Each structure stands twice: as structure tokens, then as C-alpha cells.
Novice: 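Before I ask anything, let me first share the structure, which is written out below as C-alpha cells.
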Amino acid sequence: MVHPRLAGVRTAWRVSEDGDFFCPACGGDRCYQLLEGRRRLTVLGVPVLTRGAADPVASCVSCRGRFPVSALDRPTTTRLTVLLRDGVHTIALALLAAGGGGGGPARRTAVESIRAAGFPECTEERLLTLQAALRVGSLPLLDREVRETLSALTPHLASPGRESLLLHGARIALADGPYSAAERAMLGTVGEALRLAPADTERLLATALSA
């Protein structure tokens with residue numbers, strides 16, 4: 001048996017990129033370095049033979065913890081806030097458009113929810129301008145926009161968070177009265193994009209209607 005002080009395998013790391021990530025150990029946004037390594041057989045501390053590449057790791061600059069590269073797939077807190085804000089905004093516009101432009105109560109409900117989500121500058125006038133632009137398009141285009149926007153957000157939300165977004169859209173639709181056929185269809189699209197089972201979507205819409 002070779003004494004470990006005489007021979008062993010060591011990994012030489014180099015930084016290939018850096019950026020921000022959500023550190024699992026720190027529990028918050030931190031800077032990371034992506035480390036790529038080469039494993040080498042050493043004798044008396046001198047590398048003599050290459051033993052292949054090591055799996056890359058993400059190293060937290062703050063706690064020095066090392067994590068699989070998959071840790072970078074989780075959005076930072078800042079990024080998740082932006083995704084949530086954009087999701088609320090897109091759902092609100094889609095429901096207003098599906099409702100034929102939305103009356104005053106629907107627009108006010110939409111403005112309140114959009115402001116709470118992180119768009120404090122949102123006004124009814126701004127929504128009316130956006131609605132006018134949307135009328136140039138069509139509901140199929142809105143359907144695609146909803147799916148694309150929510151596809152980036154949904155994998156990072158637990159079930160209560162996804163249900164909350166659907167209920168946000170339901171409250172806007174109900175502000176002017178019962179669901180119209182177009183509003184129900186759009187809410188169905190929202191439910192699908194949020195990966196909610198059809199039965200769960202119907203249950204939540206019924207709950208919102210009876211509230």
C-alpha cells in the first residue's frame with residue numbers, strides 16, 4: 001500500500017465563469033465561481049499522470065461551499081421576484097383582454113394586484129394603453145404569451161403559489177361579474193401553464209366565484 005503522503009490523486013481547479021446564484025447553504029443570493037478541474041496522480045506532491053476531468057462544481061464565494069452545477073438552475077431571489085412580477089402582469093392583461101377590455105372594477109383590481117407584485121407605477125391609463133395595443137393582436141397570441149411567461153416561473157413555485165396566481169386572474173375576471181366564456185377559457189390556459197390539474201383549476205375557479 002502506497003502511503004498517502006507519497007502518492008495520491010489531487011484535483012487542480014480553475015475558474016471558468018462567475019455570477020450570482022441562490023446558495024443552498026447560505027439561504028440567499030450570493031456570488032459563485034464555476035470550477036472546472038483536472039484530476040492528477042501525484043508522487044511526493046509532484047503531478048505525474050493525468051487521471052481525467054473532475055465534475056465541475058459551483059463554489060459559493062461567501063461560505064466556500066461547493067455544489068453540483070444543477071444548483072445554478074434555481075433562480076436567485078431577485079430573478080424569482082422578476083418572474084413573479086411578470087407572471088402577475090401577463091395574467092392580468094390576458095384576463096382584461098379576454099373580458100373584452102374590462103370595465104372599471106376589473107381594471108382597478110388588476111392595477112392593485114400588479115402594483116402589489118412589484119409594478120408600483122402601474123395605472124389604469126397604462127393598462128388601457130396596453131389593452132389598445134393588444135387588440136391589434138388576438139387571443140391566440142395572448143394564449144402563447146401566457147404559456148411562455150409562466151413556463152419560466154412555474155417549475156420554481158410550490159402548489160400554493162401556483163394556485164395563488166390562478167386566483168389572482170379569477171379575481172380580475174369576477175370584478176365585473178361572473179366569468180364569460182372567453183375568461184373561463186383564458187383561466188383554463190393559465191391553469192395549464194401553471195401545471196394545475198383540470199379538476200384543481202375548476203375547484204379554484206368555483207371557490208373564487210362563491211367567495
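This structure is a prediction, so every number in the text was calculated from the model and none was measured.
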Novice: Would you call V190 and L196 a side-chain contact if the rule is heavy atoms closer than 4.5 Å?
Specialist: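 SC-SC contact between V190 and L196 ruled out.
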Novice: Does the pair E121 and R115 meet the rule for a side chain to side chain contact (heavy atoms under 4.5 Å, CB included), with working shown?
Specialist: CA-CA 7 Å; E121 70 279 9; R115 284 178 176 172; over 6 Å; no
Novice: Would T149 and D86 count as having a side-chain donor-acceptor pair, cut-off 3.5 Å?
Specialist: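 No pair is found: no donor N or O on one side chain lies under 3.5 Å from an acceptor on the other.
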Novice: I need the minimum non-hydrogen distance between T154 and A193, along with the two atoms involved.
Specialist: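 In terms of heavy atoms, the two residues are closest at OG1-O, 3.0 Å.
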Novice: Is there a chain of hydrophobic side chains (I, L, V, M, F, W, Y, each step under 4.5 Å between heavy atoms) that links Y32 to V57?
Specialist: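 Y32 does not cluster with V57.
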Novice: Going by heavy atoms in the side chains, are C31 and D18 under 4.5 Å from each other?
Specialist: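 No; the side chains remain at least 4.5 Å from each other.
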Novice: Test of understanding: clusters of I, L, V, M, F, W, Y form through side-chain heavy atoms closer than 4.5 Å, transitively. Do V88 and V82 belong to the same one?
Specialist: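 Different hydrophobic clusters.
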Novice: Membership question, hydrophobic clusters at under 4.5 Å side-chain separation (ILVMFWY): are L35 and F21 in the same one?
Specialist: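 In one cluster with F21: L35, no.
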Novice: Where do S113 and A110 come nearest, in terms of heavy atoms and distance?
Specialist: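 Smallest interatomic distance, heavy atoms only, reads OG-O, 2.9 Å.
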Novice: Output the distance between atom CG (L174) and atom CG (L205), rounded to the nearest 0.5 Å.
Specialist: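 One gets 8.0 Å once the value is rounded to the nearest 0.5 Å.
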Novice: Does any N or O in the side chain of S210 come within less than 3.5 Å of the main-chain N or O of T207, such that one atom is a donor and the other an acceptor?
Specialist: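 Judged by distance alone, yes, a pair lies under 3.5 Å.
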Novice: With a cut-off of under 6.0 Å to the ring centre and 45° to the axis, is R85 in cation-pi contact with F119?
Specialist: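 Yes.
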Novice: Out of curiosity, does V15 fall in the hydrophobic cluster containing F67 (side-chain heavy atoms, cut-off under 4.5 Å, transitive links)?
Specialist: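 No, it is not one cluster - the side chains of F67 and V15 are not joined through contacts under 4.5 Å.
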Novice: Nearest 0.5 Å please: distance from the CG atom of D55 over to the CZ atom of R39.
Specialist: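 If I round to the nearest 0.5 Å, the distance is 9.0 Å.
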Novice: Show, in sequence, the C-alpha distance, side-chain angles and deciding distance for E17 and E36, and conclude whether the side chain to side chain contact (heavy atoms under 4.5 Å, CB included) test is met.
Specialist: CA-CA 9 Å; E17 68 175 62; E36 296 182 350; over 6 Å; no
Novice: Between S151 and P155, which heavy-atom pair has the shortest distance, and what is it?
Specialist: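 That closest heavy-atom pairing would be O-CD, 3.2 Å.
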Novice: Between atom CZ of R195 and atom OG1 of T201, what is the distance when rounded to the nearest 0.5 Å?
Specialist: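 With rounding to 0.5 Å, CZ (R195) is 14.0 Å from OG1 (T201).
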Novice: Count I, L, V, M, F, W, Y as connected when their side-chain heavy atoms are under 4.5 Å apart, and connections chain through other members. Are L187 and L209 then in the same cluster?
Specialist: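 Yes; tracing contacts between hydrophobic side chains, which count when under 4.5 Å, links both residues.
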Novice: Under a 4.0 Å N-O cut-off, is there an ion pair linking R107 with E112?
Specialist: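 Not counted as a salt bridge, because no side-chain N and carboxylate O are separated by less than 4.0 Å.
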Novice: Could you check whether T77 and D29, counting side-chain N and O atoms only, form a donor-acceptor pair closer than 3.5 Å?
Specialist: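 Note: D29 and T77 side chains meet the donor-acceptor criterion.
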Novice: Considering only heavy atoms from C-beta outward, does the side chain of L150 approach that of T90 to under 4.5 Å?
Specialist: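 The answer is no; the side chains never approach within 4.5 Å.
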Novice: Taking atom CZ of R66 as the centre, report whether more than 12 heavy atoms of other residues, nucleotides or ligands fall under 6.0 Å from it.
Specialist: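 Enclosed: over 12 neighbouring heavy atoms sit under 6.0 Å from CZ of R66.
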Novice: Measure from the side-chain N and O atoms of S164 to the backbone N and O of P160, and report whether any donor-acceptor pair falls under 3.5 Å.
Specialist: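 Not a single qualifying donor-acceptor pair exists.
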Novice: Could you please spell out the steps behind the side chain to side chain contact (heavy atoms under 4.5 Å, CB included) verdict for I114 and L93?
Specialist: CA-CA 10 Å; I114 292 172; L93 285 176; 5.6 Å; no
Novice: Say you draw a straight line from CZ of R147 to CG of L142; how long is it, rounded to the nearest 0.5 Å?
Specialist: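 Separation between the atoms: 12.0 Å.
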Novice: Hey, what do you get for CG (L157) to CD (E163), rounding to the nearest 0.5 Å?
Specialist: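 Nearest 0.5 Å value for the CG-CD distance: 11.5 Å.
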Novice: Look up atom CD1 in I91 and atom OG1 in T189, then write down how far apart they are to the nearest 0.5 Å.
Specialist: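 OG1 of T189 is found 11.0 Å from CD1 of I91.
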Novice: Would you find more than 12 non-hydrogen atoms of other residues, nucleotides or ligands less than 6.0 Å from R30 atom CZ?
Specialist: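 Correct, the count exceeds 12.
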Novice: Determine whether S62 and C23 make a side-chain contact, defined as any pair of heavy atoms from C-beta on separated by less than 4.5 Å.
Specialist: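 Side-chain contact under 4.5 Å: no.
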Novice: Would R38 pass as a cation-pi partner of W13, given that its NZ or CZ must be under 6.0 Å from the six-membered ring centre and within 45 degrees of the axis?
Specialist: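 Not flagged: R38 not positioned over aromatic ring of W13.
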Novice: Can you check whether H156 reaches R79 side chain to side chain, under 4.5 Å on heavy atoms?
Specialist: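 The answer is no; the side chains never approach within 4.5 Å.
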